[in-house]
Amino acid sequence: MSLAMSNEDHPAPEPSPRIVLLSIAVFWALYFTIWSLRATVVYHSGHTMLLARALVSAGSAGVTVLFYLAMRRWGTTKLGRSMIIAALLSVPAALAYATINWFFMERTHEKQMAQPASPAPVSHHSTVIIEDDKGETVMIAPPAPPAPPPPVSVGQMTDAEDSTPLTDIVDQAGNGYFFFIAWAAIYLSLCYAARMGALERRTAELRAAAQSAELRALRYQVNPHFLFNTLNSLSSLVMTGKKEEAERMIINLSTFFRTSLTGDPTEDVPLSEEILLQRLYLDIETVRFPERLVTKIEVPELLEKACVPGLILQPIVENAVKYGVSRARRPVTIRIRASAEAENLLLSVEDDGDPAGDAAGGTGVGLRNVRDRLAARFGDTAHCHWGPRAGGGFVVRLTMPLVRHGC
């Protein structure tokens with residue numbers, strides 16, 4: 001399977017159809033509202049004209065839906081191509097809008113012209129009474145007011161005498177073109193927002209995958225010297241006839257590796273489980289150093305359920321055995337402690353080995369492993385500090401947020 005994928009494998013993200021349809025409804029509702037206010041205040045249009053404009057807005061919204069479907073089919077690839085397609089599709093959309101506008105406005109005008117004109121009221125106060133040459137009284141009524149001019153569609157700029165349906169439609173299409181260009185800009189903005197959202201989600205997924213891979217790589221850095229030394233110790237037990245010790249060591253070794261290699265490295269484990277794993281490891285090493293290794297673990301019961309990254313103590317305890325116990329000629333105590341301070345969990349591993357033996361020959365890989373895992377899991381809220389003890393030996397202190405749930 002090729003790693004390179006085509007655009008068909010990863011289609012461009014699109015905005016939700018619900019959001020797009022909502023934008024169409026809001027766009028034409030705003031158009032109708034602005035037109036209605038203008039027509040009512042400036043031209044004193046009646047309900048018939050407002051109803052006609054409402055039908056025009058509804059029909060134009062339908063045209064915009066077709067415009068959206070066409071843009072969705074051909075115009076959601078590159079931005080330059082989308083702009084060109086939007087400009088081209090706006091031409092027939094504008095003509096459709098202008099045709100709908102002309103149709104309803106013309107029908108409204110015909111209905112208004114077909115209505116019988118109501119007789120103008122005669123105002124007796126304005127009636128003039130005169131006498132003719134024969135002395136007869138004559139009443140002269142004032143002239144009737146001129147009839148109002150027929151309504152003209154909004155945006156119609158042609159002369160009423162030269163106006164034809166074609167010229168009206170073409171003239172109105174100019175306004176409609178800019179309406180659809182404006183909505184196309186809104187649609188392309190929605191497409192851009194959808195792509196940015198998808199890109200952010202993809203980036204977050206890749207970051208999480210990279211962090212997971214990093215955690216796995218760091219966790220699986222099991223010290224090969226531990227395995228080699230354990231196998232050598234096991235071989236010595238078998239050769240000297242210490243069957244029970246060898247059997248116990250094999251069981252502890254299998255349990256240790258099954259626990260350390262089968263768990264999910266991206267998940268936390270209870271502190272009690274982490275301490276149990278370190279006990280297994282120290283029991284294995286006790287077989288190698290039965291008279292030199294002394295273990296003391298101080299973990300309050302209230303902190304046993306605290307969540308810690310799995311095997312976070314393993315490299316530290318390995319270093320304590322490798323540089324503190326194996327190089328000493330006297331008993332060395334490895335002490336593991338846990339305590340809580342405010343909202344933080346404090347863990348420490350220290351030994352009282354020889355001062356020269358704690359740091360000599362060390363590469364710091366294990367400690368950097370621990371520090372990087374803490375940073376990957378908790379960010380800047382976790383810390384790892386190490387250094388020699390005042391009375392000899394070495395100490396490593398871990399600080400991390402105290403988490404009691406989720407493991």
Side-chain angles (χ1 to χ4, degrees), residues 207-227 229-230 251-286 295-322 334-341 343-351 364-386 395-407:
R207 187 181 296 111
Q211 184 183 68
S212 176
E214 180 183 6
L215 288 175
R216 293 178 187 276
L218 291 173
R219 179 170 176 176
Y220 292 154
Q221 288 178 358
V222 179
N223 192 340
H225 296 289
F226 161 66
L227 180 59
N229 292 335
T230 302
I251 293 175
N252 289 341
L253 183 63
S254 63
T255 303
F256 175 81
F257 275 103
R258 182 173 63 252
T259 305
S260 62
L261 297 179
T262 58
D264 189 346
T266 63
E267 295 182 355
D268 296 340
V269 299
L271 180 58
S272 58
E273 183 177 325
E274 177 69 11
I275 294 299
L276 178 61
L277 196 62
Q278 300 312 311
R279 287 185 186 274
L280 286 174
Y281 171 77
L282 291 171
D283 288 343
I284 295 172
E285 294 290 9
T286 300
T295 301
K296 292 186 178 181
I297 299 178
E298 303 172 7
V299 177
E301 185 177 353
L302 293 176
L303 296 179
E304 289 183 353
K305 294 184 179 180
C307 300
V308 298
L311 285 178
I312 194 65
L313 297 177
Q314 182 61 35
I316 305 174
V317 176
E318 283 187 22
N319 283 348
V321 173
K322 180 178 179 180
I334 296 180
R335 191 185 305 272
I336 302 177
R337 294 176 177 175
S339 62
E341 181 178 298
E343 297 298 325
N344 292 325
L345 174 65
L346 309 180
L347 299 176
S348 66
V349 178
E350 61 182 63
D351 67 81
V365 173
L367 295 177
R368 287 196 299 269
N369 181 316
V370 173
R371 182 188 60 195
D372 293 344
R373 287 192 62 196
L374 287 177
R377 172 62 180 86
F378 298 108
D380 296 336
T381 59
H383 307 281
C384 177
H385 302 285
W386 60 83
V395 60
V396 180
R397 296 185 176 88
L398 308 181
T399 304
M400 67 190 76
L402 180 57
V403 181
R404 298 184 183 273
H405 304 284
C407 59

Practice task
State, yes or no, whether a side-chain contact exists between Val308 and Leu398 at a heavy-atom distance under 4.5 Å.
Solution key: no

Handout entry: Verdict with supporting geometry, Gln314 and Gln278, side-chain contact (heavy atoms from CB on, under 4.5 Å)
Key = CA-CA 7 Å; Gln314 182 61 35; Gln278 300 312 311; 3.0 Å; yes

Handout entry: Residue list, side chain to side chain donor-acceptor pair (under 3.5 Å) with Arg335, at least two apart or on another chain
Key = Glu298

Handout entry: Smallest separation among heavy atoms of Cys384 and Leu367, with atom names
Key = SG-O, 4.5 Å

Exercise for the section: Nearest 0.5 Å please: distance from the SG atom of Cys307 over to the CD atom of Glu274. Expected result: 12.0 Å

Problem - Test item: Arg397 and Val349 side chains (from C-beta on) under 4.5 Å apart, heavy atoms - result: no

Handout entry: Check: Arg373 and Asn369 side chains under 4.5 Å, non-hydrogen atoms
Key = yes

Practice task
Return the minimal non-hydrogen interatomic distance between Ser339 and Leu345, and the atom names on each side.
Solution key: O-CD1, 3.5 Å

Exercise for the section: For the residue pair Lys296 and Ile334, establish whether any side-chain heavy-atom pair is separated by less than 4.5 Å. Expected result: no

Completion exercise
d(Arg279 CZ, Ile336 CD1) to nearest 0.5 Å is 8.0 Å

Handout entry: Non-hydrogen side-chain atoms of Val396 and Val370 separated by less than 4.5 Å
Key = no

Exercise for the section: Would you check if Leu282 and Val317 make a side-chain contact, meaning some heavy-atom pair closer than 4.5 Å? Expected result: yes

Problem - Note, Val269 side chain near Leu311 side chain (heavy atom, < 4.5 Å) - result: no

Handout entry: Close side-chain approach of Leu277 to Phe256, heavy-atom, < 4.5 Å
Key = yes

Exercise for the section: Hey, could you give me the CG/CD1 distance between Asn319 and Ile316, rounded to the nearest 0.5 Å? Expected result: 8.0 Å

Handout entry: Verdict with reasoning, Phe378 to His383, per side-chain contact (heavy atoms from CB on, under 4.5 Å)
Key = CA-CA 9 Å; Phe378 298 108; His383 307 281; over 6 Å; no

Practice task
Rounded to the nearest 0.5 Å, what's the gap from OH on Tyr281 to OG1 on Thr230? Could you check?
Solution key: 7.0 Å

Practice task
To the nearest 0.5 Å, tell me how far Asn252 CG sits from Ile284 CD1.
Solution key: 5.5 Å

Handout entry: Nearest non-hydrogen partners of Ile297 and Ile275, listed with the distance
Key = CG2-CG2, 3.8 Å

Fill in the blank from the handout: Between the NE2 atom in His385 and the OG atom in Ser348, the distance rounded to the nearest 0.5 Å is 13.0 Å

Practice task
Identify the heavy atoms of Leu303 and Ala340 that sit nearest to each other, and give their distance.
Solution key: CD1-N, 3.8 Å

Fill in the blank from the handout: Note: Ala338 and Pro300 closest approach over all heavy atoms is O-CD, 3.2 Å

